[in-house]
Amino acid sequence: MSIQRVMVIGAGQMGSGIAQVCAMSGYDVTLHDLKEEFVEKGLNGIKKQLQRQVDKERITETDMDRFLRQVQASTELSNAKDADIIIEAAVENMDIKKQLFVQLDQFAPDHAILATNTSSLPITEIAAVTKRPEQVIGMHFMNPVPVMKLVEIIRGLATTDETFNTVKEMAESLKKTAVEVNDFPGFVSNRILMPMINEAIYTVFEGVASPEDVDEVMKLGMNHPMGPLTLADFIGLDTCLSIMETLHEGFGDDKYRPCPLLRKYVKAGWLGKKAGRGFYNYS
Ligand SMILES: CC(=O)CC(=O)SCCNC(=O)CCNC(=O)[C@H](O)C(C)(C)COP(=O)(O)OP(=O)(O)OC[C@H]1O[C@@H](n2cnc3c(N)ncnc32)[C@H](O)[C@@H]1OP(=O)(O)O
Ligand SMILES: NC(=O)C1=CN([C@@H]2O[C@H](COP(=O)(O)OP(=O)(O)OC[C@H]3O[C@@H](n4cnc5c(N)ncnc54)[C@H](OP(=O)(O)O)[C@@H]3O)[C@@H](O)[C@H]2O)C=CC1
């Protein structure tokens, strides 16, 4: 199947990044969110990123204008009727994703693939609410999408080879490397990354070291580009907590219990960089 028209659901940090790389690779993109102001915010983020590329003389003003013209705004899910693939990147919440997939299944044309950028939730369970589980798949981009090379691709129980191959080819057309992994909680990336971040939060919670010192140890001692607490703020503490809860519930193993300090920060609305406050202050 050939893909030309992409709809991205959720204009947050991941959705806007996915829309940007799709537009830059020549796809027609519809960027959807609940309210116009959220879509505007996403579009402004894309504009800012592209302007940086122009400033660095990597693309021309004309390229930038062309890429921006390729992204249409949407607040109506019925716009899915024009899509060849829908990539869902709304919040990491199973109920919200299931509601979205029920509606997308109704609006999208029969041939369309329904992909989710979920970080950890079972693809098979999301697919089961649709009448086309063979065309449902996990397409897990990494943050920041324009920079990171990896896309984890996850088949649900019923996903066909045709759906898998189409999505793999699309990921490669975005100049990403696709790695197939099985449908287990957190897949590979977050099964390994998130317990490290959770342990870093425990290290602060238990008074072993400050967030700055934990990050310094991991940056200078392990050559990580960002310390784990900076990275947690960058990902979003709400997303980190949801992933830990999925791992904890999915494996039934206490080694994945979310740190109480992580819960407290999320309850306080300290969601990290996007909220202006997390382990660090961004205002
Ligand atoms: C939670 C999940 O489900 C899965 C995940 O995504 S987990 C998160 C995975 N991501 C990571 O682990 C990121 C770790 N951090 C990094 O790799 C780096 O710190 C970083 C790439 C984000 C920034 O790199 P840096 O060297 O510290 O900063 P900087 O020099 O400003 O940026 C490097 C490049 O990235 C670009 N960049 C930085 N932030 C960006 C952003 N938010 N969006 C787009 N581009 C960005 C810069 O423009 C720059 O590009 P060029 O080299 O082409 O000029
Ligand atoms: N952050 C990360 O590093 C990564 C995240 N992911 C996954 O990507 C997804 C999105 O994460 P991220 O972009 O960080 O989150 P953000 O919070 O930045 O963005 C989520 C966006 O989705 C919107 N939204 C919420 N509910 C709906 C809905 N029913 N319909 C349409 N839009 C909706 C939100 O609107 P509102 O503000 O009103 O809630 C918000 O604009 C999650 O599943 C996450 O796990 C995957 C890889 C990395």
Side-chain angles (χ1 to χ4, degrees), residues 7-21 24 30-43 45-59 74-77 79-80 86-104 115-121 123 126 138-152 154 186-194 196-197 215 218-219 223-228 230-247 266 271-275 278:
M7 185 177 193
V8 180
I9 308 294
Q13 50 182 347
M14 294 306 290
S16 57
I18 295 167
Q20 179 187 328
V21 295
M24 291 180 81
T30 301
L31 181 58
H32 171 94
D33 208 305
L34 294 168
K35 289 191 189 158
E36 256 170 51
E37 63 193 270
F38 301 146
V39 186
E40 268 314 302
K41 202 172 156 204
L43 289 171
I46 296 175
K47 229 177 263 175
K48 222 169 95 185
Q49 287 303 325
L50 291 175
Q51 185 60 54
R52 269 199 216 158
Q53 299 293 317
V54 173
D55 296 344
K56 289 177 185 165
E57 298 184 352
R58 291 198 181 127
I59 60 171
S74 159
T75 52
E76 298 290 337
L77 265 192
N79 289 322
I86 296 155
I87 306 175
E88 174 277 320
V91 281
E92 188 72 353
N93 174 302
M94 183 54 106
D95 292 339
I96 291 176
K97 290 197 190 296
K98 280 185 176 172
Q99 276 172 29
L100 277 167
F101 272 71
V102 166
Q103 289 177 281
L104 290 169
T116 171
N117 182 52
T118 178
S119 314
S120 60
L121 295 166
I123 306 305
I126 296 173
M139 193 177 188
H140 183 207
F141 291 82
M142 303 292 130
N143 187 10
V145 181
V147 179
M148 307 302 279
K149 290 278 167 237
L150 176 71
V151 178
E152 268 185 319
I154 311 104
F187 317 127
V188 170
S189 53
N190 282 316
R191 180 171 179 170
I192 297 172
L193 174 71
M194 212 43 75
M196 182 197 71
I197 287 179
D215 278 351
M218 297 305 285
K219 272 198 305 180
N223 253 2
H224 288 196
M226 282 175 166
T230 304
L231 184 57
D233 274 0
F234 179 63
I235 291 168
L237 300 188
D238 50 343
T239 303
C240 292
L241 179 57
S242 297
I243 296 169
M244 282 313 295
E245 279 171 339
T246 302
L247 292 173
V266 172
L271 304 184
K273 203 170 173 197
K274 65 184 170 188

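Here the structure is a predicted model, which is why all the values come from computation and not from measurement. All ligand and atom numbering here is 1-based and tracks the order in the structure.
Residue, atom and distance of the protein heavy atom nearest to atom 35 (O) of ligand 2 are Asp33 OD1, 3.4 Å. The shortest contact between atom 18 (O) of ligand 2 and any protein heavy atom is with Gln13 N, 3.1 Å. Atom 28 (C) of ligand 2 has as its closest protein heavy atom Leu34 CD2, 3.6 Å. The protein heavy atom nearest to atom 11 (O) of ligand 2 is Met14 CG, 3.9 Å. Closest protein heavy atom to atom 15 (O) of ligand 2: Lys274 NZ, 4.0 Å. Atom 6 (N) of ligand 2 has as its closest protein heavy atom Ser119 OG, 3.2 Å. Protein heavy atom nearest atom 8 (O) of ligand 2, with residue, atom name and distance: Asn117 ND2, 3.0 Å. Protein heavy atom nearest atom 42 (C) of ligand 2, with residue, atom name and distance: Ala90 O, 3.1 Å.
At least one N or O atom of Glu92, backbone or side chain, sits closer than 3.5 Å to an N or O atom of ligand 2. For a threshold of 3.5 Å applied to N or O pairs, the pair formed by Gly15 and ligand 2 contains no separation below that value. Of the polar atoms of Ile9, none of the N or O atoms is found under 3.5 Å from an N or O of ligand 2, judged by distance alone. The shortest N or O to N or O distance between Phe141 and ligand 2 is not below 3.5 Å. Backbone and side-chain nitrogen or oxygen atoms of Asp238 are examined, and none is located within less than 3.5 angstrom of a nitrogen or oxygen of ligand 2. Checking only distances, Thr239 never comes within under 3.5 Å of ligand 2, N or O to N or O.
Across all their heavy atoms, Ser16 and Gly42 have their closest contact at CB-O, 3.6 Å. The minimum heavy-atom distance between Lys219 and Pro225, with the atom names listed, is CD-O, 3.9 Å. Leu31 approaches Gly15 most closely through the heavy-atom pair CD1-O, 3.9 Å. Listed here is the closest heavy atom pair of Met194 and Ile235: CE-CD1, 4.1 Å. Closest approach of Phe187 and Leu121 over heavy atoms only: CZ-O, 3.4 Å.
A donor-acceptor pair under 3.5 Å is absent between the side-chain atoms of Lys97 and the main chain of Ile126, judged by distance alone. Asn190 places no side-chain N or O within donor-acceptor distance of the main-chain N or O of Leu193, the cut-off being under 3.5 Å. Side-chain atoms of Ser242 come within 3.5 Å of backbone atoms of Glu92 as a donor-acceptor pair (strictly under, hydrogens ignored). At distances below 3.5 Å, not a single donor-acceptor pair connects side-chain atoms of Asp33 with backbone N or O atoms of Gly10. Counting only distance, with no hydrogens or angles, the side chain of Glu152 and the backbone of Ser189 share a donor-acceptor pair below 3.5 Å.
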- Candidate pair Lys274 and Asp233, rule salt bridge (charged side-chain N to carboxylate O under 4.0 Å, His left out), full reasoning: CA-CA 8 Å; Lys274 65 184 170 188; Asp233 274 0; over 6 Å; no

- Message: The test is side-chain contact (heavy atoms from CB on, under 4.5 Å); show your working for Ile9 and Leu104 and say whether it passes.
- Response: CA-CA 10 Å; Ile9 308 294; Leu104 290 169; 4.0 Å; yes

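Counting heavy atoms from C-beta outward, Ser120 and Leu247 have side chains that stay 4.5 Å or more apart.
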Going by atom type alone, with no hydrogens or angles, which donor-acceptor pairs under 3.5 Å involve a side-chain atom of residues 141-148 and a protein atom two or more places apart or on another chain?
from: Asn143; atom 1: ND2; to: Gln13; atom 2: OE1; distance (Å): 3.4

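Residues Gln51 and Asp55 have side chains that bring a donor and an acceptor to within less than 3.5 angstrom of each other. Of the N and O atoms on the side chains of Thr116 and Glu88, at least one donor lies less than 3.5 Å from an acceptor on the other residue.
The structure places CD of Glu36 at 10.5 Å from CG of Leu43, a figure rounded to the nearest 0.5 Å.
Protein residues having at least one heavy atom under 4.0 Å from any atom of ligand 1 are Gln49, Lys56, Arg58, Ser119, His140, Met142, Asn143, Pro144, Pro146, Val147, Met148, Asn190, Leu193, Pro225, Met226, Leu231, Ile235, listed by chain and number.
When non-hydrogen atoms are compared, ligand 2 lies under 4.0 Å from neither the backbone nor the side chain of Lys35. Contact annotation: for Ile96 versus ligand 2, heavy atoms closer than 4.0 Å belong to the side chain alone. Heavy atoms of Leu100 found under 4.0 angstrom from ligand 2 belong exclusively to the side chain. Residue Met142 does not touch ligand 2, judged by heavy-atom distances below 4.0 Å.
Assignment of Gly236 to the shell around ligand 2 is not supported, since no heavy atom sits closer than 4.0 Å.
Counting the atoms of ligand 2 from 1 in the order shown, those under 4.0 Å from a heavy atom of Gly12 are 13 (O), 18 (O), 19 (O), 21 (C), 41 (O). Against a heavy-atom cut-off of under 4.0 Å, His140 is close to the following atoms of ligand 2: 46 (C), 47 (C). Which parts of ligand 2 touch Gly10 is read off a 4.0 Å heavy-atom cut-off, strictly below it: atoms 22 (O), 32 (N).
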